[in-house]
Enquirer: 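Sharing a structure below in structure tokens format, with a few things to ask.
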Amino acid sequence: MIVRCSQYDFQVIERYWQDFWLKQKTFKAQEREAPKYYVLDMFPYPSGAGLHIGHPEGYTASDILGRYKKAKGFNVLHPMGWDAFGLPAEQHAITTGMHPAVNTEKNTENFRNQIQRFGFAIDWDREISTTWPSYYRWTQWIFLQLFKHGLAYVDEKPVWWCPMLETVLANEEVIGGKSERGSFPVERRQLRQWVLRITRYSDKLLDGLKDLDWPEATKRQQNLWIGRSSGGLIEFPVEGGDRSVAVFTTRPDTICGVSFIALAPEHPDVDFLTTDNCRAEIQAYRTSVTSKSDLERTDLSEGKSGTFTGRYVLNPLTGTRIPVWIADYVLPYHGTGSIMGVPAHDKRDFEFAQTYSLEIKPVLQSAQGTDTLPFCAEGVLIHSGDFSGLTSQKAQNKILEYLEKIGRGKKTVQYKLHDWLFSRQRYWGEPFPIVWVKQVDYHRIISCKNSPFKEFLPQEPVSYREKGEMWCALPLTTAHLPVQLPDISSFKPTKESPIPLQNAHKSWLNVKMNVQTGEVAAADGQLDEAWIEGTRETNTMPQWAGSCWYYLRYLSPHEENSFVNKQAEAYWGVPDFYIGGAEHAVLHLLYARFWHRFLFDIGILNTEEPFPKLFHPGVILGTDGSKMSKSRGNVVNPDTIIAQYGADTLRLYEMFLGPLEASKPWSVQNIEGVHRFLKKIWRLYVDAEGQISKKICDKEDCQKIQCLLDETIEKTSEDIEHLRFNTAISQLMIFINGVQKAAFISRQTAKKFLQLLAPFAPHIAEELWARFGESKSISEAQWPSLSENKWVQSQIKIVVQVNGKVRDEILVHTHATQDQIVQMAKVAPKVLPYLKRGTCVREIYVPHKLINLVVH
RNA sequence: GCUUGAAUGGUGGAAUGGUAGACACGCUAGACUUAGGAUCUAGUGCCGCAGGGUGUAAGGGUUCGAGUCCCUUUUCAAGCACCA
């Protein structure tokens, strides 16, 4: 049952117990009558580079918590899986010609082996991968639900296109004008794309944040990303015409200070607004803007530029003539794509007005009245007719109410959040379960009473027009899922067919469907009455799709009739603890919340939010304090550390580095410290023959050891609950240092310590536990409780301060009164000289801790 | 630029407003050793032989008492960055 070694041979010990746990299924989670605890790690992308030293930081933390909760009597679920669709596998396929599935399988195997070498208490029977057809079948099914409920549509619109990656990217994947992956330049292109209507959930996603136990910074980020701002839509009538220019503003109180209107150069009304004598200049300016990259355009140091259209509009409140400009600091994809310029009270407008010598007219004043322009805070209105004298807050309401009455404006809310661009021109992703059919054929489905294709039919058809033909999106049905990825000969996108799946065999691409039976087959040109023809959607879903719901699949990974088994969902619910990188603050974590809330809304989930408690471990940096990267050559490979010191040491080391949430540099030297700690434990427990050491015996512990054990139980329990693993480990070290000084300790105490150690260093704890003759895993044992007969201390130490500075210590009887203690303190040898210098005017006594004498 | 967070020995880091530097690394000395990169013992913020003084980025404040709370400044990190 146990390893036969007298030395601390961590290689043999760790391998033995890892095999033991896997074979015995020690950590298999099954629904039973007990409180549940679901710990979840963000599942990794199994990259070819293998496990990074940062991965096990979070995994170890969740493992400690999971093992602790199990010992506390909880039924713990700790699963692991693979977020295995994605770009790197596809790029590998393009360069090597190897199918991404083969390469992904290889990398996954490697990741699984590496992770298993850490000895995590994972239920491997629940392993999933987003790339398994049995998994993505249900990703497709959830998409069809979104489709059915009108939350998925196609749109031809400007999207971020990355020429290097040859794909479109979501807003969230573009950072500072470059692609999130690889930092390549991006540009805007008009393309037909699948889009998910996440904006319909803006308010719900915002409100739901309030109750989540998440890092404040992450909540703030999501808040900013959704970017709700309330203000007004105001119409400026065009001089001498019946049209108007609409702007969105959050500061309607400044409307009397408007000295220009600026439109984004791309604004569709620019042509109409431009007068003939300005047309040439406007054209030139627009051309210069489109040639700019987004990075150049949003470069703040460039200053502001624009051109006059020749047109004037009228201020709906004052009737003042206002020139209409176009300017590239106005963004086409926000609000109405046009703004009212109030230079006196907006920094950007101020800059623009200065450049082009436009009027700068203050209409707001602070209480002091000596404001430097631009004055962007709120204040009291001036030069604003009837509204003068009102505060900004009041004026905003009154002005909008007035504009609404005269039909020139209304209150409105704007969001920074855009609908989620959901399609990618890639091979290695989930195919859409959609077939494009002609409008007439779509109507045949609608009019066929019992057509199976009605399962996911939306109220309004999703369609687009091409070459005079209207194409409608026909959703396949649950019975057709999964729509598997077809084999293709080349993964490389080409100019002619930038979408890899367009190279799929015609028998996959072109299909015929039986309207009545729901049968789908390769199109063969022969159409009986019940059949219609169509073409499959060739875009695939983005990587985020699979990670939107994986935490639900873990609950019933083998369920074949549903994406999640109802009983399993009722029992396990959502993760009690979710841990993973802060880099997912607005991507994965926002998308998953959206899907979860949607599934709740259509009545197939019991909870509104997927992750009630979230934690981000800090980044582990290289020894030089900078981010680990291949190019810097400061990458640490977990395999070499495990080979040299063992998994227990690495686990302990990563937890001992510092607070879990802090970013910390890796240090080779410090790892020796925790390794020494484990060797010290081994020497204290095991003698030269490999037997339990004589130091551990059946005698009763001395008071010191018993108090120390109680302290250690208390401290480690509390620290684990609060994820303060570094201080928990230091307490374990304090205990061992104490044991080293003691003559002996009891078997009971020795075993209790092993239990405290087990969540952190499970292999050595399990091995020593077994050597005490235990036949069951240490993980099955109940967490130790405090000893019942607590030693009663007769004397306590009181610190004596004079004017807040420590001068002496006195030993007093536990039940001494405050007066007695004050008297003792006043005659303490090191205190006396200070008392002689003045008179004691006050004594502050903190029970059982200190006494402070105030001397003047 | 804006927002948020942080700053403690040679190093990583401890410290419900109540003994600053726990624990560990490193270093110094010693012990055991053929040997020590194993192990054990003692020491280790700074100044001072010592009594003692001083000390948590800098300055101010609140308090009997401040690393901790408040204000100003500096530096660093993260996020956002023309979102009207």
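By convention in this document, chain letters (A, B, ...) are assigned in the order of the sequence lines, proteins followed by strands, and residues within each chain are numbered from 1.
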Enquirer: Does OP1 or OP2 of B/C64 have a side-chain N or O of A/R842 closer than 4.0 Å?
Expert: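 It does, given that an N or O in the side chain of A/R842 lies less than 4.0 Å from OP1 or OP2 of B/C64.
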Enquirer: Where does the angle between the aromatic ring planes of A/Y645 and A/H675 fall among parallel (under 30°), tilted (30 to 60°) and perpendicular (over 60°)?
Expert: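 Ring orientation, 0 to 90° scale: perpendicular.
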Enquirer: Which of these nucleotides, B/C64, B/A20, B/A84, is closest to any side-chain atom of A/V854?
Expert: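 My answer, after comparing the listed nucleotides, is B/C64.
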Enquirer: Using 30° and 60° as the class limits, which term best fits the ring planes of A/H418 and A/Y333: parallel, tilted or perpendicular?
Expert: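 A/H418 and A/Y333: perpendicular rings.
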Enquirer: Partner of B/G18 by Watson-Crick or G-U wobble geometry, both contacts under 3.5 Å, or none?
Expert: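 Paired with B/G18, as far as the under-3.5 Å criterion goes, is B/C64.
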Enquirer: Should the ring pair A/W325 and A/Y356 be called parallel, tilted or perpendicular, given that the plane angle runs from 0 to 90° and is split at 30 and 60?
Expert: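 Tilted: the ring planes of A/W325 and A/Y356 meet at 30° to 60°.
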Enquirer: Does a nitrogen or oxygen in the side chain of A/K416 sit under 4.0 Å from OP1 or OP2 of B/A84?
Expert: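 Result: no.
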Enquirer: Considering just the side-chain nitrogens and oxygens of A/Q740, establish if one lies under 4.0 Å of OP1 or OP2 belonging to B/C40.
Expert: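 For A/Q740, the contact criterion (side-chain N or O under 4.0 Å from OP1 or OP2 of B/C40) is met.
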Enquirer: For B/G5, which nucleotide in any strand shown is its Watson-Crick or wobble partner with both distances under 3.5 Å?
Expert: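 Partner of B/G5: B/C76.
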Enquirer: In Watson-Crick or G-U wobble terms, both distances under 3.5 Å, what is the partner of B/A50?
Expert: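 Check on B/A50: unpaired, no WC or wobble geometry under 3.5 Å.
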Enquirer: For B/C82, does the base pair up with any side-chain atom of A/K304 as donor and acceptor (N or O, under 3.5 Å, distance only)?
Expert: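 Indeed, a donor on one side and an acceptor on the other fall under 3.5 Å apart.
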Enquirer: Indicate, with a heavy-atom threshold strictly under 4.0 Å, whether A/V806 touches base, sugar-phosphate, or nothing.
Expert: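 Sugar-phosphate only.
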Enquirer: Can you check the distance between B/C80 and B/C46, where both ends of the measurement are the P atom (answer in whole Å)?
Expert: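 Straight-line distance between the two P atoms is 43 Å.
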Enquirer: What about A/K680: does its side chain form a donor-acceptor pair under 3.5 Å with the base of B/U39?
Expert: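 Result: no qualifying N/O pair found.
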Enquirer: Under a 3.5 Å limit for both distances, which nucleotide forms a Watson-Crick or G-U wobble pair with B/U11, could you say?
Expert: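 By the stated definition (distances under 3.5 Å), B/A24 pairs with B/U11.
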Enquirer: Taking OP1 and OP2 of B/U19, is either one under 4.0 Å from a side-chain nitrogen or oxygen of A/N852?
Expert: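 Answer is no, no contact under 4.0 Å.
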Enquirer: Is A/P665 touching bases, backbone alone, or none of the nucleic acid, heavy atoms closer than 4.0 Å?
Expert: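 Counting heavy atoms under 4.0 Å across all strands, no contact is made by A/P665.
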Enquirer: Say you pick atom P in B/G10 and the same atom in B/A58; how far apart are they, in whole Å?
Expert: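 To the nearest whole Å, 13 Å.
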Enquirer: Taking B/G67 as the reference, what is the distance to B/G17 when you measure between their C1' atoms (whole Å, please)?
Expert: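 11 Å, rounded to whole Å.
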Enquirer: Under 4.0 Å from OP1 or OP2 of B/G5: is there any side-chain N or O of A/R220 that close?
Expert: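 A/R220 to B/G5 OP1/OP2: no side-chain N or O under 4.0 Å.
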Enquirer: With a 3.5 angstrom cut-off on both distances, give the Watson-Crick or G-U wobble partner of B/U41, or none if there isn't one.
Expert: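 WC or wobble partner is B/A29.
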Enquirer: Look at A/R683 and B/A38 and indicate whether a side-chain polar atom (N or O) is within less than 4.0 Å of OP1 or OP2.
Expert: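 Negative; the distance criterion is not met.
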Enquirer: Given that both distances must come in under 3.5 Å, which nucleotide forms a Watson-Crick or G-U wobble pair with B/C82?
Expert: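 In the structure as shown, B/C82 has no Watson-Crick or wobble partner.
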Enquirer: Side-chain N or O of A/N726 less than 4.0 angstrom from OP1 or OP2 on B/A14?
Expert: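 It does, given that an N or O in the side chain of A/N726 lies less than 4.0 Å from OP1 or OP2 of B/A14.
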Enquirer: In whole Å, what separates the C1' atom of B/G12 from that of B/C27?
Expert: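 After rounding to an integer number of Å, I get 16 Å for this pair.
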Enquirer: Taking atom C1' in both B/A6 and B/A57, compute the distance separating them and give it to the nearest angstrom.
Expert: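 About 11 Å, rounded to a whole number of Å.
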Enquirer: Are OP1 or OP2 of B/C23 and a side-chain N or O of A/T727 less than 4.0 angstrom apart?
Expert: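 Indeed not, no polar side-chain atom of A/T727 lies that close.
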Enquirer: So, A/F352 versus A/F260, ring centres under 6.0 angstrom or not?
Expert: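 That pair passes the under 6.0 Å test.
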Enquirer: Check this one for me: any side-chain N or O of A/R807 less than 4.0 Å away from OP1 or OP2 of B/G51?
Expert: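 Negative; the distance criterion is not met.
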Enquirer: Could you tell me the Watson-Crick or G-U partner of B/G55, where both distances fall under 3.5 Å? Say none if there is no partner.
Expert: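 By the stated definition (distances under 3.5 Å), nothing pairs with B/G55.
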Enquirer: Please say whether more than 12 non-hydrogen atoms of neighbouring residues, nucleotides or ligands are located less than 6.0 Å from CD in A/Q7.
Expert: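 Incorrect, the count does not exceed 12.
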Enquirer: How is A/S338 classified with respect to the nucleic acid when contacts are heavy atoms under 4.0 Å: base, sugar-phosphate, or nothing?
Expert: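 Nothing: the residue A/S338, judged by heavy atoms under 4.0 Å, touches no strand.
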Enquirer: Taking side-chain contact (heavy atoms from CB on, under 4.5 Å) as the criterion, tell me which of A/I13, A/L757, A/L652, A/T649 meets it with A/I764.
Expert: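 So the option named by the test is A/L757.
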Enquirer: Could you tell me how far B/A24 sits from B/U33 if I compare only their C1' atoms? Round to whole Å.
Expert: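 Rounded to whole Å, the distance is 27 Å.
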Enquirer: Once you measure the plane-to-plane angle for A/H334 and A/F248, does it fall in the parallel (<30°), tilted (30-60°) or perpendicular (>60°) bin?
Expert: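 Taking A/F248 first and then A/H334, their aromatic rings stand perpendicular (interplane angle over 60°).
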Enquirer: What is the distance, rounded to the nearest whole Å, between atom NZ of A/K741 and atom P of B/U41?
Expert: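 In whole Å, B/U41 P and A/K741 NZ are 6 Å from each other.
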